Amino acid sequence: MATELSLPPLSDGNLAFFFDLDGTLAEIQPHPDQVHIPIAVRALLEKISVMQDGALALISGRPMAELDKLAAPHRFPLAGVHGAERRDINGNTHAVTLPAEVAQALKLRLETELAAMPGTELECKGMAFALHYRQAPEFESSILSLASTLVSFYEELSLQPGKCVVEIKPRGINKGEAIAAFMEQPPFAGRTPVFIGDDLTDEAGFSVVNAMNGISIKVGKGETDARYRLMNVQAVHAWLEYVVQQLEKQKKLNDRSVGYESLSRSI
């Protein structure tokens, strides 16, 4: 569905921006701890946020604490763990949790199973678990089978496949629902949503944004419901520079228009 454009269009200046992180704002690395957002890119995000009255959020599978570290020193609204935890513009947090006994049982079983698969890694997020196999692709089928089996035991859980990872998370949680929740509240409400992501986990977000007649952008190759495409992270960074330039131009035009109106009234 996506049209390949180097600079996806901006409908107007009244926009709400949502960004995935890994593979979108930052290059994917062999280990999640090696990922970083370049300082210049963080500055561009802050500029866009200020010009849009704070209507910019990060939407990621990472926990919010990690998102804050990666975005520092800036602090944005966040949806972490695919929306299982969310922080709005006022700092209010909303979180979905798993029963303690379910979380503990899953953790013990996953630790035991993955210990027998060298190179795989278990990431515990409290209410979700990510099973990484980027460094051990030979275990992909075993990881997917294990995750599917465990989810079948608990009706409150669902699977979320990604790039060299599969996540076990609370059912009904996805990035689309997180974006929809943000769009119901200031400063996002009443704006045109823009969402950029690169993975299967972002498709739910694309669907929600498309339904709102927004701008959905897929990063990289692959089938997608997104309407536009940027080919890599570097293209995303270039597009952010374009966004800042366009918003600054619109602000100057608006300031001139206000000036002319004031002059006309005074005359």
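Computed from a predicted structure; not experimentally measured. Starting from 1, each residue takes its place in the sequence as its number.
- Considering F19, Y228, F17 as possible partners of I196, the one that fulfils the side chain to side chain contact (heavy atoms under 4.5 Å, CB included) test is F19.
- Using the six-membered ring where Trp is involved, H74 and F76 have ring planes that are tilted, between 30° and 60° apart.
- Nearest heavy-atom pair across A103 and G126 is CB-O, 4.1 Å.
- No side-chain heavy atom of T24 sits under 4.5 Å from any side-chain heavy atom of I217.
- Residues K169 and S158 form a side-chain contact, since some pair of their non-hydrogen atoms from C-beta on lies under 4.5 Å apart.
- Residues E66 and S60 fail the side-chain proximity criterion, which asks for heavy atoms closer than 4.5 Å.
- Without hydrogens or angle criteria, S148 side chain to S145 main chain gives no donor-acceptor distance under 3.5 Å.
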Handout entry: L146 vs L110, side chain to side chain contact (heavy atoms under 4.5 Å, CB included): CA-CA, chis, key distance, verdict
Key = CA-CA 9 Å; L146 170 63; L110 290 169; 4.0 Å; yes

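- Under the 30°/60° scheme for interplanar angles, the aromatic rings of F182 and F18 are found to be tilted.
- Of all non-hydrogen atoms in A226 and S216, the two that sit nearest each other are CA-OG, 3.3 Å.
- When every heavy atom of N14 is checked against every heavy atom of G190, the shortest pair comes out as ND2-O, 3.1 Å.
- Looking only at side-chain heavy atoms (C-beta outward), K249 and Q246 come within less than 4.5 Å of each other.
- With a 4.5 Å cut-off on side-chain heavy atoms, M231 and K221 count as touching.
- K125 contributes no side-chain N or O that, together with a main-chain N or O of G80, makes up a donor-acceptor pair within less than 3.5 Å.
- Linking Ile, Leu, Val, Met, Phe, Trp and Tyr residues whenever their side-chain heavy atoms come within less than 4.5 Å places I215 and L58 in a single cluster.
- Interatomic distance, CZ of R75 versus CG of L67, reported as 11.5 Å (0.5 Å rounding).
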Practice task
Verify side chain to side chain contact (heavy atoms under 4.5 Å, CB included) between L131 and L122, making sure each step is shown before the conclusion.
Solution key: CA-CA 5 Å; L131 288 61; L122 175 64; 4.2 Å; yes

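- In this structure, V50 is not a member of the same hydrophobic cluster as I48, with clusters built from ILVMFWY side-chain heavy atoms closer than 4.5 Å.
- A salt bridge links D53 and R191; the closest N-O separation between the charged side-chain nitrogens and carboxylate oxygens is under 4.0 Å.
- In this structure, K218 and R229 have side chains that are in contact, with non-hydrogen atoms separated by less than 4.5 Å.
- Residues that satisfy the salt bridge (charged side-chain N to carboxylate O under 4.0 Å, His left out) test with K69, not counting sequence neighbours, are absent from this structure.
- Under the 4.5 Å side-chain heavy-atom criterion for grouping Ile, Leu, Val, Met, Phe, Trp and Tyr, F129 is not connected to I173 through any hydrophobic cluster.
- Across all their heavy atoms, P118 and F139 have their closest contact at O-CE1, 3.4 Å.
- The same ILVMFWY cluster, assembled from side-chain heavy atoms under 4.5 Å apart, contains both V244 and L247.
- Between L114 and I143, some side-chain heavy-atom pair lies under the 4.5 Å cut-off.
- Between K107 and E111 there is a salt bridge, since a side-chain N of the basic residue sits under 4.0 Å from a carboxylate O of the acidic one.
- The nearest pair of heavy atoms linking S142 to M117 is CB-CE, 4.0 Å.
- The existence of a salt bridge linking K163 and D198 is confirmed by a sub-4.0 Å separation between a basic side-chain nitrogen and an acidic carboxylate oxygen.
- No side-chain donor-acceptor contact under 3.5 Å links E123 to the backbone of A130.
- A donor-acceptor pair under 3.5 Å is formed between the side chain of N232 and the backbone N or O of A235.
- Considering only heavy atoms from C-beta on, M64 comes within 4.5 Å of T93 through its side chain.
- Within the structure, salt bridge (charged side-chain N to carboxylate O under 4.0 Å, His left out) pairs that include any residue of residues 78-104 comprise D68-R87 (at least two apart or interchain).
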Quiz: residues 26-45 side-chain donor-acceptor pairs under 3.5 angstrom, not counting sequence neighbours:
{"residue": "E27", "atom": "OE2", "partner": "Q234", "partner atom": "NE2", "Å": "2.6"}
{"residue": "H31", "atom": "ND1", "partner": "D33", "partner atom": "N", "Å": "3.0"}
{"residue": "H31", "atom": "NE2", "partner": "E121", "partner atom": "OE1", "Å": "3.2"}
{"residue": "H31", "atom": "NE2", "partner": "E121", "partner atom": "OE2", "Å": "3.0"}
{"residue": "Q34", "atom": "OE1", "partner": "H31", "partner atom": "N", "Å": "3.2"}
{"residue": "R42", "atom": "NE", "partner": "I37", "partner atom": "O", "Å": "2.8"}
{"residue": "R42", "atom": "NH1", "partner": "A72", "partner atom": "O", "Å": "2.7"}
{"residue": "R42", "atom": "NH2", "partner": "I37", "partner atom": "O", "Å": "3.0"}

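- F195 and I89 are assigned to two separate hydrophobic clusters, defined by single-linkage of ILVMFWY side chains at heavy-atom distances under 4.5 Å.
- Listed for the N210 side chain is a donor-acceptor partner under 3.5 Å among the backbone atoms of D225.
- H82 and Q160 share no side-chain donor-acceptor pair at under 3.5 Å.
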